[in-house]
Structure formats: C-alpha cells, structure tokens
Protein chains: 2
Amino acid sequence: MRIAPASGECGAAACSSVPDTVLDVRTDNQPAERPDGVRRRATIHDVARLAGVSRQTVSRAVNDKGEIDPGTKERVLEAARLLDYRPSRFARGLVQKGAVTAGLVIPDLRNPFFPEVAAGVLEAAEARGWQVVVWDSRIDEAREREALDVLSHQADAVMGYFKDPDDVLTRHLGGVPLVLLERGPQQTGFAAVGIDAGAGVEQGMNHLFRAGHRRIGMLDGVHGPGSRRQAFLDQARRLGLAVDEDWVVTCPEHSVAGGEAAMERLLARRPEVTAVFGFNDLIAIGAMRTARRRGRSVPDGLAVIGFDGLSLGELVEPALTTLHIDKRQLGRLAVEQVARLRAGEEPLRGADAWVTPELVLRGSA
Amino acid sequence: MRIAPASGECGAAACSSVPDTVLDVRTDNQPAERPDGVRRRATIHDVARLAGVSRQTVSRAVNDKGEIDPGTKERVLEAARLLDYRPSRFARGLVQKGAVTAGLVIPDLRNPFFPEVAAGVLEAAEARGWQVVVWDSRIDEAREREALDVLSHQADAVMGYFKDPDDVLTRHLGGVPLVLLERGPQQTGFAAVGIDAGAGVEQGMNHLFRAGHRRIGMLDGVHGPGSRRQAFLDQARRLGLAVDEDWVVTCPEHSVAGGEAAMERLLARRPEVTAVFGFNDLIAIGAMRTARRRGRSVPDGLAVIGFDGLSLGELVEPALTTLHIDKRQLGRLAVEQVARLRAGEEPLRGADAWVTPELVLRGSA
DNA sequence: TTGTAAGCGTTATCAT
DNA sequence: ATGATAACGCTTACAA
C-alpha cells in the first residue's frame, strides 16, 4: 500500500525506492502493523515512509505550516489518515513548551456548591489557556491522596479540597504547587483560598438576633477546626445568648438527608430552639423539611438560615435565607493563586484570598 | 552550592570535579539559573550535576526504585529539592506508555444534570486509571469547537455534548476518537450514548392520559432534530389527542427561568392546557412556578411532568413527577464507548448505548 | 519546497 | 550500586 504522486510527476525526492532506504535510519523499525495484528500507534516516521517524504515534511503538512507543495501536503495527509496517525502529545509537549495542566480535586460533584466552584476554575483556566484535570474524591481521604499521587505526576499544579494535614499532603505532592480551597488562613502553610466564615456567621446570627431569636441552634458540617462552628459559638457569646456546644449538632453528611437527620437530633435535644443556622444550604433545607414534618412552620415555628447561596434555595418553600458565597469567584481566585505560585510570586494571603458571604434574605428567616 | 557526601566518604564517582566535566556532555548547557534571573525549570540533568551522580541515578532516587545506596538517594533528593526539580510529564510519557487522558465537554456545569453525568464519567475513568480533562462550553458552539481543537491535541479521546454536525466535528477532531452524548442513534456516524427519549415521553404521556388529561402542552428545549418534541407529537397522535405543534413552546434556555418564561407563552397561547410536559426538570419546575403565580395550583390546576430525575425535584412543592434518567450510568457508558473505540472494537449501538428513563411519580402529576 | 541534524527530558537495558 | 547508551516521537534550525 503506497501512495504515488500523479503518474509522470515523479520528482527526485518522492520517487523510486530512495525514501524507503534512505529515510529509514532506525535499527529495529517495526512495521506499523505487526504480524500478530496488534497495531502499534503510527508515528510521524510511518507516515513519512508511506508518503515517501521526510518526517519534517509530514510535520509541515500536519501542522498546516506553509512552505509545502499542496500536492505533497495532500499526499501526506492521506497517508496520515490511512495510518490513523495522531501526533504524540508527549513528544510535542517535550519540544513545545507552554501547555499547562492543572488538577482540580472536588469532594462531591453532586453537591451543587462544587460544580459552581469548578465552573469558576474552568472559566479562569480557559482564559489562561490551561487545561484542568478534574477528580471527584467522593469525600474519601484515601481517594484524595490517590488524586494527589496521580496529579503530582500529570499536572503542573493542583487545586482542591483536602482533609489531610500539610505534612501528609506534602508527602504526596512531590513538589507540585498546591492551592487549598476552603481552609482558613492559619491552618496551612500552603497557598489557599477560602470563605470568611466569621463574617458570614456574624451577619446571619445578627439577623436572627434582630428578629428576636435567642435560642439558636446550629447544624454543623464536618470540617477542619476553627470553622463555622467556632464562629457560631463566638458570635452567640457576643450576643449574650445562652447557647453552647450543646446547641450544635454535627451533620456528617453534607446533604439534605443529612440535614434532616441532624435536625431531628437537635429537636430532640433542644426542643425550645427557635432558629437554626445551617452549615450549608443543603443541610438547611433538610432542617426545614424536618421542622415542617414535625409540625413546625418555617419561619414562624422555626427560622432557618443557610450558608452557600445555592440557586436551589430559591426553589424551596419558603425560599431559603442564606449567606451567599460567590462560588465562581472562589474558583477564579484559586486559579489566580496557582498563577502566582507558578510565577514565583507570593500568593495572596488574608482577606485578598477570601470570599466574603453576603446575607440574602428570602423567606425562611 | 554543592552537596558533598559526608566528609571522608568520597567515593570515586561522587568525588572532586569529575562529575562536572564528565557528565556534562551537552554543548549549550545553560545553568538552571540564568544571569537574568529567569529560571529554566530544572531537569534531571541539573540534579545529576548538583548531586554528582548520573541522570540514571537521579531517576532511581526520584522514582523510588531499588538498587540505590540510601546515602546516595538522600543526597540526590536533597539536590532535587534544592533545585525544585520535578520530572517532565512529557518526557516521562514519551518513554512510559499507558497514561490515558480523555476530554469531557459539558454544556453547562450549573445545570445539575451535567455534574451527575460528569460524576459517572470521572468514576468510570478513575476505575480505568484514566484522567479526564473537563471543559465547560457554556452552551456556546464556538467554545465547543475550541474545546475540540485543544482536546484533539491533548487528549486520547473526547466525550461530550456538541451541536455541530458530524463534518464540522470531524474537521476539528484531527482523528481523535469521539463519543457523543445525548444525540439519538440515527443522527451521527460517531459513537454515541443517549437517552431513549421515545420510551420516556411515551411513559409520561400515558400517565397524563390515564389521569384524564387531553389538552397537554410541551415546553421543549433546543436540541437536535428527532428528539423529545417529535416523540411528544407522535405519542399525542397515537393517543388521539388534538394536540399539534401549536402546543409546543420552545424554551431556548434550559433553566428554571427559561421554563417560567416558556410557560407564560404557553398559557397565553393555549390557556385551556391542563398538563405540560417539560423538556427537563428545570424547565418543568419553572412551569410549576409560573402556573402557581397565575393562580393555577399544581397538579389540580395544571399537571407538570419533568424529564431528568434531578434530586432537586424532590425538594420543590409539590415534588416533581419526572422521567428519571440514570445520569451516572450515562457517563459510565460514555467511558465504555471510548474504551471500545480505543480497543478497535465496535462501539455499542442502539439500545445498548441508551439509557431508558423511568417514570417516578411524585406530586406534580 | 524539501531534507538533514540536533536536541527536548526521561527511562530501559545493559555494562561495570 | 552506578553509569553509559540508546531509544521515545516530535519540532526547530539550517542546509540543499
């Protein structure tokens, strides 16, 4: 199977058996199709041989460079098609610098919060011409580490949510820059972007307080230390509420079902509660559902306030009052942090690396 | 700055200036830190030179291979740390085959349907040891093509939602295997996975019919031809309903807001409508909202049925009756199709490549 | 217009 | 235990 130029047009370079002998300088040159029928992927060399040109000419044709005869180009492309040739991204990357791949590790793609963050990351990455390899760790620390092990080999930087402490992360990182999402500023030596939980909780609690609530509970998520739970307790104290750890129920599953179950427990423990603060919107919605099932109307029988600002909160009844977070911005910030790290600049620290929640009043509180 | 072995232990290979002259066989060997302060990324060669060993030994140390003296290894790793050395994934990929990267192009990460599909893709890809580069095309055909242009260079296969016809896709694909999501089986020559729209619409319509509805409208999305709209009209005819194109409103935006607007139009055009069929759950929820705002209770004043089976549908009031799709399975199937393509096998065709919706009765119809 | 030569950074193989 | 050498598949620079 060989492609000849149109008959009669036999230029010196393309003609006779010269290319087959001259161009083939390899020692062990396996044919593209081996006897056993297993196909080695075609290389530029195979295409060159079939088309009767040099590798360089193939490169010119495939990459649409100028300085090539249209006829030759057609012939080369036909040969490439025949062999199902595709350039190796590795070989290309080796010689053309600049392709940047970032890793993104997300705990749970089914929590609407994270796709929004991811959307921000993808958007910002696209603007920079980067690609993003996404991992869903499905809230499993082992999978988080596995993600790191792989991405540290295949990505130029990693962003994501991780529960492991710094030293463990470092061990799985192999020197690849890491930007943590969501952890507070004091808890890590890595660059990070996060949410100003304190400011959010304060706004939410003040709102409830002004509405007359004094017996406020919290459905906390599972989280690093120093997070929303502490902010809640601090603000309760500042407001002079008789509220302590006993008013906080931990909700291991950050979902509506998790919120429903946690609310059951809180109601059992503190039936006098008049308002609850949810770790996130899903949990808060779960709380609303349990409250109503228990014969408490929302917001009159129980006020509920969420944290996240999912659009989902507008659809439930009553609509969820929440601390809205700009999730896309969070993702964009993470990409900016990565860019800084790569440029050897200092990452943003403190408030510049946070997103501040904003209270959105809807029906539930 | 050089790392010497512990004093006195100067083996021949690691000692004196020998390495610096013998090992450095390059002609233009730039130092890792250039005079202008711009850092070229350190290579294995730089580490070897600094540690006074061969490149091979560096490789052994970095990759945790055996056959290396613990002391040497420590010295090499220290040098690597000093130079912030990370192996080039390109050079590695060139020499170690096997790393598979797939591309996934999603139209809208904020529609909860797609993160679920993506989760299925990621899960199945992880099981095969593949990585997935995700693109959010944000419902923009130009961005779809851009995604293809990039991924055709950087990925070994692509899955995704595309609006362009086959020939356009081919042009941007450069021979990379493609698996289309969501298109019907007849509409493309590419391998595809999809949803059995006909079966879904039939179930939904029959349910409405049995509940006594005869004046049924549809809020269609924008889609390839031969999709849910046609299935709707066909089934309406089969059921003997006096329903035609005039009862179908197109909803360009696949969102709650889009559904709200479309429902307004349908009510204006066909106020006698007693039930509506939504292209997806978001649109259906929008329809419910408009209906109630217009004084129609759901399901008595207007029955509403969705298509997707988002968990979101359980949270609205009344809960949404819908045709549930196994979205994760859809994603897994797409990965399986890619695997077949890569293995040179025939992709699944027909019903094996579809997911069949299942009617889930909740409150809205 | 086309071909030749020299890397790109890594690992595998085989010596030592 | 360590090193020399040869790939891996491609592109850029230069020569013809």
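From a predicted model like this one, the values you see are computed outputs, not experimental measurements. Just so it is clear: chains get the letters A, B, ... in the order the sequence lines come, proteins before strands, and each one is counted from 1.
Between D64(A) atom CG and dT1(C) atom P there is a gap of 14 Å when expressed in whole angstrom units. Look at CD on E67(B): it is 15 Å from P on dT11(C), rounded to the nearest Å. Distance CG (D69(B)) to P (dT16(C)): 22 Å, rounded to an integer number of Å. If you measure from atom CZ of R60(B) to atom C1' of dC14(C), you get 11 Å, rounded to the nearest angstrom. Atom CG of L94(B) and atom P of dA12(C) are 12 Å apart (whole Å). In this entry the distance linking CD1 of I68(A) with P of dG3(C) reads 9 Å, nearest Å. Atom pair D46(B):CG and dC8(C):P shows a separation of 11 Å (rounding to whole Å applied). Here dT11(C) presents its C1' atom at 8 Å from CD1 of I44(B), a figure rounded to the nearest Å.
Within the 4.5 Å cutoff, the side chain of R92(B) has heavy atoms near those of the N63(B) side chain.
In terms of polar N and O atoms assigned as donor or acceptor, the side chain of Q96(B) never comes within less than 3.5 Å of the base of dA12(C) in a complementary pairing.
OP1 or OP2 of dG3(C) lies within a sub-4.0 Å distance of a side-chain N or O belonging to S54(A). At least one side-chain nitrogen or oxygen of R92(B) sits closer than 4.0 Å to the OP1 or OP2 atom of dT11(C). OP1 and OP2 of dT1(C) both lie 4.0 Å or more from every side-chain N or O belonging to T72(A). Side-chain N/O atoms of S59(A) include one lying less than 4.0 angstrom from OP1 or OP2 on dT11(D). The phosphate of dG3(D) (OP1 or OP2) has a side-chain N or O of T57(B) nearer than 4.0 angstrom.
R75(A) places a side-chain N or O within donor-acceptor distance of the main-chain N or O of A51(A), the cut-off being under 3.5 Å. Without hydrogens or angle criteria, R340(B) side chain to P347(B) main chain gives no donor-acceptor distance under 3.5 Å. In this structure a side-chain-to-backbone donor-acceptor pair under 3.5 Å is missing from R342(A) to A157(A).
Under the 3.5 Å distance criterion, with hydrogens and angles disregarded, no donor-acceptor pair is assigned to the side chains of T101(A) and D156(A).
Comparing dA4(D), dT1(C), dT4(C) against the side chain of Q56(A) picks out dT4(C) as the nearest. Checking dT2(D), dT10(C), dG9(D) against every side-chain atom of R55(B), the shortest atom distance belongs to dT10(C). Across dT2(C), dT10(C), dT11(D), the shortest atom-to-atom separation from the side chain of V95(B) is found for dT10(C). Counting only heavy atoms from C-beta on, K97(B) has its side chain closest to dG9(D) among dT2(D), dT11(D), dG9(D).
When heavy atoms are screened at a 4.0 angstrom cut-off, R89(B) is found touching no nucleic acid atom at all. Residue contacts for K65(B): at a heavy-atom cut-off of 4.0 Å it reaches the sugar-phosphate backbone alone, with no base atom in range.
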